[in-house]
Amino acid sequence: MFKKLQRFLLKALLGCFIFSIFWVFIYKYTAVVYTPLMAIRYIENTELTQIKHQWVPMAKIANSMRQAVVSAEDQRFFKHSGFDYQAIKAAIVDYNHGKPLRGGSTISQQTAKNVFLWPQRSWLRKGLEVWFTFLIEILWSKQRILEVYLNSIEMGNGIFGVQSAASYWFNRSASQLTYNQAAAIAAILPNPIKYSAHPPSRYIEQRIRWIRQHMHNKANVNH
């Protein structure tokens, strides 16, 4: 009986292993039209009549939006392999000096969590997040990771993806976002349900200025 159970568990683990690789491989080429987080948000909030989400290719997303999220969320995105060990070490040092523990999740980790997993923290979810982050870094390009991230991230109450966010917050398409509008959307990402991109609070205005400064510095480096 024990051997049968052992064989069953091994087969189940192997099946999950193969399925996860297949799942990530499929999303390398196809649009992500729905995620577990979208379903969770719809169930949690009984006032939501629908989840607003529309996939758009990277070519239809303003460069300002790409720069804004990288500046706000993961400035070493194009340099690391999914995990920013410098940010993790800095967060640990700050914590040891009495500062609040802050997250060091990269855009790759956030993509893995938002597309394949659920938001609640647990060791199981964190372990799966590491696995899916590893997979997308191996199977996808950095541009594909950023494209999926921009199309799947939560950007408001029931608002997912930059196309829906641009329409909701500024009544325009993702391709028409100005640098300030893109920075405003990026500024609310730590808590898009709590914060407003338009009109912004004083705190969000401060974050917008901080993001714009980093966008400007990055532009100067590139030139």
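In this chain, numbering begins with 1 at the start of the sequence shown.
Between S196 and W169, the shortest heavy-atom contact is OG-CZ3, 3.4 Å. The two residues A72 and I211 make their nearest non-hydrogen contact at CB-CD1, 3.6 Å. Taking every heavy atom of both residues into account, S152 and F160 meet most closely at O-CD2, 3.4 Å. Nearest heavy atoms, Q67 versus Y179: OE1-CE2, 3.6 Å. Residues Q54 and S164 approach most closely at N-OG, 3.4 Å, considering heavy atoms. Taking every heavy atom of both residues into account, I145 and I136 meet most closely at CD1-O, 3.8 Å.
In the model, N151 has no side-chain atom that pairs as donor or acceptor with a side-chain atom of E147 under 3.5 Å. When only modelled atom types and interatomic distance are considered, Q109 and T133 share no side-chain donor-acceptor pair under 3.5 Å. A donor and an acceptor atom, one from each side chain of D74 and H80, are located under 3.5 Å apart.
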Next item on the list: Decide side-chain contact (heavy atoms from CB on, under 4.5 Å) for W55 and V32; before the verdict, give the C-alpha distance in whole Å, the side-chain angles of both, and the deciding distance to 0.1 Å.
Entry: CA-CA 7 Å; W55 177 278; V32 180; 4.0 Å; yes
Check: How far apart are the C-alpha atoms of L128 and W123, what are their side-chain angles, what is the distance that settles it, and do they pass the side-chain contact (heavy atoms from CB on, under 4.5 Å) test?
Finding: CA-CA 9 Å; L128 290 172; W123 287 111; over 6 Å; no
Next item on the list: Test side-chain contact (heavy atoms from CB on, under 4.5 Å) on H216 and Q213 and set out the steps.
Entry: CA-CA 5 Å; H216 176 72; Q213 183 61 51; 4.2 Å; yes
Next item on the list: May I have the step-by-step check of side-chain contact (heavy atoms from CB on, under 4.5 Å) for R121 and K126, ending in yes or no?
Entry: CA-CA 7 Å; R121 293 183 178 181; K126 198 65 181 177; over 6 Å; no
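Using the six-membered ring where Trp is involved, W140 and F116 have ring planes that are tilted, between 30° and 60° apart.
Under the 4.5 Å side-chain heavy-atom criterion for Ile, Leu, Val, Met, Phe, Trp and Tyr, L117 and V33 are members of distinct hydrophobic clusters. Under the 4.5 Å side-chain heavy-atom criterion for grouping Ile, Leu, Val, Met, Phe, Trp and Tyr, L14 is connected to L135 within one hydrophobic cluster. Under the 4.5 Å side-chain heavy-atom criterion for Ile, Leu, Val, Met, Phe, Trp and Tyr, V115 and F83 are members of distinct hydrophobic clusters. Cluster annotation: I188 is not connected to I193 through the hydrophobic network of ILVMFWY side chains, with a link wherever side-chain heavy atoms come within less than 4.5 Å. Residue M155 is not grouped with residue L37 when hydrophobic side chains (ILVMFWY) are merged at heavy-atom distances under 4.5 angstrom, including chains of intermediate members.
The distance from the CD1 atom of I185 to the CE atom of M65 is 5.0 Å, given to the nearest 0.5 Å. Within the model, atoms OG1 of T35 and CD1 of I40 stand 8.0 Å from one another, a figure rounded to the nearest 0.5 Å. Atoms CZ and OG, from F132 and S20 in turn, are 5.0 Å apart once rounded to the nearest 0.5 Å.
Checked against the 6.0 Å centroid criterion, the rings of W131 and F17 qualify as a close aromatic pair.
For F25, the CZ atom counts as loosely surrounded, since its 6.0 Å shell holds 12 or fewer non-hydrogen atoms of other residues, nucleotides or ligands. The neighbour count for F134 CZ, taken as heavy atoms of other residues, nucleotides or ligands under 6.0 Å away, does not exceed 12. The 12-atom threshold is not exceeded at CG of N171, counting heavy atoms of other residues, nucleotides or ligands nearer than 6.0 Å. At most 12 non-hydrogen atoms from other residues, nucleotides or ligands lie less than 6.0 angstrom from OH of Y42. Within 6.0 Å of CZ in F78 there are more than 12 heavy atoms belonging to other residues, nucleotides or ligands.
Contact annotation: the side chain of N157 never approaches that of R41 to less than 4.5 Å [non-hydrogen atoms, C-beta and beyond]. Side-chain contact check for K113 versus R125: some heavy-atom pair is nearer than 4.5 Å. Side-chain contact between R172 and Q181: present, with at least one pair of heavy atoms (C-beta onward) separated by less than 4.5 Å.
Stacking of K142 on the aromatic ring of F77 is recorded, both the 6.0 Å distance cut-off and the 45° axial limit being met.
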Acceptor/donor pairs from residues 198-209 side chains to any protein atom, 3.5 angstrom cut, sequence neighbours excluded:
residue : atom : partner : partner atom : Å
S201    : OG   : I204    : N            : 3.3
R207    : NE   : A187    : O            : 2.8

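Of the possible donor and acceptor atoms, one in the side chain of S64 sits under 3.5 Å from a partner among the backbone N and O of L177.
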